[in-house]
Protein chains: 2
Amino acid sequence: MSRQMELVLQILRDSPGHMTAAQVFEHARKQLPNISLGTVYRDLGRLFDDGEIGKLLLPDGSSVYDRTSDLHGHLICSQCGKIEDIEDNSLADQLRRIAGDTLTKAEIIAEHLCPDCQNSISKS
Amino acid sequence: MSRQMELVLQILRDSPGHMTAAQVFEHARKQLPNISLGTVYRDLGRLFDDGEIGKLLLPDGSSVYDRTSDLHGHLICSQCGKIEDIEDNSLADQLRRIAGDTLTKAEIIAEHLCPDCQNSISKS
DNA sequence: CCTCAAATCAGGAATGATTCCTAATACAAT
DNA sequence: ATTGTATTAGGAATCATTCCTGATTTGAGG
């Protein structure tokens, strides 16, 4: 595992939430100023293929990477874009049951309004 | 609703499965030779926003449109790309329960190997 | 029927996230 | 050290999708 790949993994593991490749890149260049965006994409792709990290396709077509590859659902606020993990794993269990034992990857995303955005809307 | 929009909707409703914008475009130009791909995208987007049709983001980042907007899961074969609907709607019900009453859109996708591809692999 | 404003269109250029390419660099093992 | 292999940086290319523009259609009111 190259220095770059280790750094990319560490940045994602240290992050609390979900990051775009560009965000990982911005963090990474603080420690490896010459690292390139292409390398970040390549390493994120490998880590994902190796099952080290997760990848989430957003409704706008771009992706964010997740520090864990555990199958779990996501709630995304259609107003502010905040992404929350669904802790309840019965959803994932059920999907695994339905998809069968050849399931490789899965994605569960629900768009909703987060409590903060609900409040600011109802006030105005 | 314009002639173009009606045609786009009808093509999708008549299709058995899921179509890309390009596929809808190819079908549409048989009846409206001058229709443009941009119009197909625009009309598909409107129909989706109106809740008339569904939209599904594939793992490769492109989209397919669905003749129904009903929330349901999808199984996609990682070998041949075939997309199947998950008929069991308990998944969708549960997701609705978790996401709350502000849920707007949702997407459930699982990648697996379809029976056909399992067979052809185990034979070879 | 006309007319006019608003909506929609066709066609093509622009966008932007992601991937690909190439020559240069680091690494590991003998 | 030296050879072979993998990885890199940087930038060009890709491609689905969106945006832009001037032309066309629509339909409501006179």
Side-chain angles (χ1 to χ4, degrees), chain A residues 1-12 18-50 52-66 74 76 78 81 83 105 107 109 111, chain B residues 1-12 15 17-50 52-66 74 76 78 81 83 105 107 109 111:
Chain A
M1 192 182 300
S2 70
R3 184 166 33 253
Q4 289 86 344
M5 194 161 161
E6 248 175 303
L7 178 58
V8 164
L9 178 55
Q10 188 204 322
I11 287 172
L12 205 55
H18 310 80
M19 302 177 78
T20 64
Q23 288 170 332
V24 173
F25 175 57
E26 282 310 317
H27 277 76
R29 69 191 321 180
K30 288 176 189 167
Q31 299 186 49
L32 258 50
N34 285 336
I35 197 172
S36 75
L37 182 57
T39 297
V40 172
Y41 269 108
R42 180 160 21 77
D43 290 344
L44 285 170
R46 282 178 190 165
L47 290 166
F48 176 61
D49 290 341
D50 292 351
E52 292 291 323
I53 64 176
K55 186 178 181 178
L56 191 57
L57 233 70
L58 303 187
D60 72 353
S62 64
S63 307
V64 290
Y65 295 84
D66 198 333
H74 296 92
I76 176 167
S78 49
I83 302 172
K105 307 167 196 165
E107 200 173 306
I109 294 196
E111 266 188 87
Chain B
M1 191 181 301
S2 69
R3 182 166 37 254
Q4 289 89 340
M5 193 161 163
E6 246 175 306
L7 177 57
V8 164
L9 178 56
Q10 186 203 324
I11 287 173
L12 206 55
S15 92
H18 310 80
M19 302 177 78
T20 65
Q23 288 170 332
V24 173
F25 174 57
E26 283 311 316
H27 276 77
R29 70 191 319 180
K30 287 175 190 165
Q31 297 187 48
L32 256 50
N34 285 338
I35 197 172
S36 76
L37 182 56
T39 297
V40 172
Y41 270 107
R42 179 159 22 79
D43 290 343
L44 285 170
R46 282 177 191 167
L47 290 166
F48 176 61
D49 291 340
D50 293 351
E52 291 291 325
I53 65 176
K55 186 178 181 179
L56 191 56
L57 232 69
L58 303 187
D60 75 351
S62 64
S63 308
V64 290
Y65 295 84
D66 199 333
H74 296 91
I76 175 168
S78 49
I83 301 172
K105 308 167 195 165
E107 200 173 307
I109 294 195
E111 268 187 86

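All values below come from the heavy atoms of this structure, side chains included, with hydrogens, waters and symmetry mates left out. Only a predicted model underlies this, so the values are computations on that prediction, with no experimental measurement involved. Lettering of chains follows the sequences in order, A, B, ..., and the numbering in each one begins at 1.
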Self-check item: Closest non-hydrogen atom pair between Y65(A) and I53(A), with its separation
Solution: CD2-CD1, 3.9 Å

Practice problem: Identify the 5'-most and 3'-most nucleotides of DNA chain D with at least one atom closer than 4.0 Å to a non-hydrogen atom of chain A. | Solution: dT7(D) to dG10(D)

Self-check item: Qualifying residues under ring-ring contact (aromatic ring centres under 6.0 Å, His included), relative to H18(A), sequence neighbours excluded
Solution: H74(A)

Quiz item: Is R29(B) touching bases, backbone alone, or none of the nucleic acid, heavy atoms closer than 4.0 Å?
Solution: nothing

Provide a list of protein-nucleic acid N or O atom pairs under 3.5 angstrom, restricted to nucleotides 24-26 of chain C.
none

Specify the separation, in whole Å, of atom [atom1] of [X] and atom [atom2] of [N].
| X | N | atom1 | atom2 | value |
| --- | --- | --- | --- | --- |
| M19(A) | dA17(C) | CE | C1' | 17 Å |
| D43(B) | dA7(C) | CG | P | 15 Å |
| F25(A) | dA17(C) | CZ | C1' | 14 Å |
| F48(A) | dT19(C) | CZ | P | 11 Å |
| E26(A) | dA17(C) | CD | P | 13 Å |
| M5(B) | dA10(C) | CE | C1' | 17 Å |

Exercise. Using five pairs at either end of the helix from dC1(C)-dG30(D) to dT30(C)-dA1(D), determine the angle between the two local helix axes and round it to 10 degrees.
Key: 30°

Self-check item: Strand contacts (DNA chain C) in residues 56-64 of chain A, 4.0 angstrom heavy-atom criterion
Solution: S62(A), S63(A)

Quiz item: By a strict heavy-atom criterion of less than 4.0 Å, which residues belonging to residues 30-42 of chain B are in contact with DNA chain C?
Solution: N34(B), I35(B), S36(B), T39(B), R42(B)

Quiz item: salt bridge (Lys or Arg N to Asp or Glu O under 4.0 Å): which pairs involve residues 52-61 of chain B, sequence neighbours left out?
Solution: R13(B)-E52(B)

Quiz prompt | Qualifying residues under side chain to side chain contact (heavy atoms under 4.5 Å, CB included), relative to E107(A), sequence neighbours excluded | solution = L56(A), L57(A), I109(A)

Quiz item: In chain order, what residues pass the side chain to side chain contact (heavy atoms under 4.5 Å, CB included) check against I11(A), with sequence neighbours excluded?
Solution: L7(A), M19(A), V24(A), H27(A), A28(A)

Quiz item: Is the closest side-chain heavy-atom distance between P59(B) and E111(B) below 4.5 Å?
Solution: yes

Point-to-point distance, once rounded to the nearest 0.5 Å, from [atom1] of [X] to [atom2] of [Y]:
| X | Y | atom1 | atom2 | answer |
| --- | --- | --- | --- | --- |
| Q4(A) | L9(A) | CD | CG | 13.5 Å |
| D66(B) | I83(B) | CG | CD1 | 8.5 Å |
| Q23(B) | S15(B) | CD | OG | 9.0 Å |
| S2(B) | I35(B) | OG | CD1 | 8.0 Å |

Quiz item: Who pairs with R3(B) by salt bridge (charged side-chain N to carboxylate O under 4.0 Å, His left out), at least two apart in sequence or on another chain?
Solution: none

Self-check item: All salt bridge (charged side-chain N to carboxylate O under 4.0 Å, His left out) counterparts of E6(A), not counting sequence neighbours
Solution: none

Output side-chain donor-acceptor pairs under 3.5 Å for residues 39-49 of chain B, partner residues at least two apart or in another chain, one line each.
| from | atom 1 | to | atom 2 | distance (Å) |
| --- | --- | --- | --- | --- |
| T39(B) | OG1 | S36(B) | OG | 3.1 |
| T39(B) | OG1 | R42(B) | NH2 | 3.4 |
| D43(B) | OD2 | M5(B) | N | 3.4 |

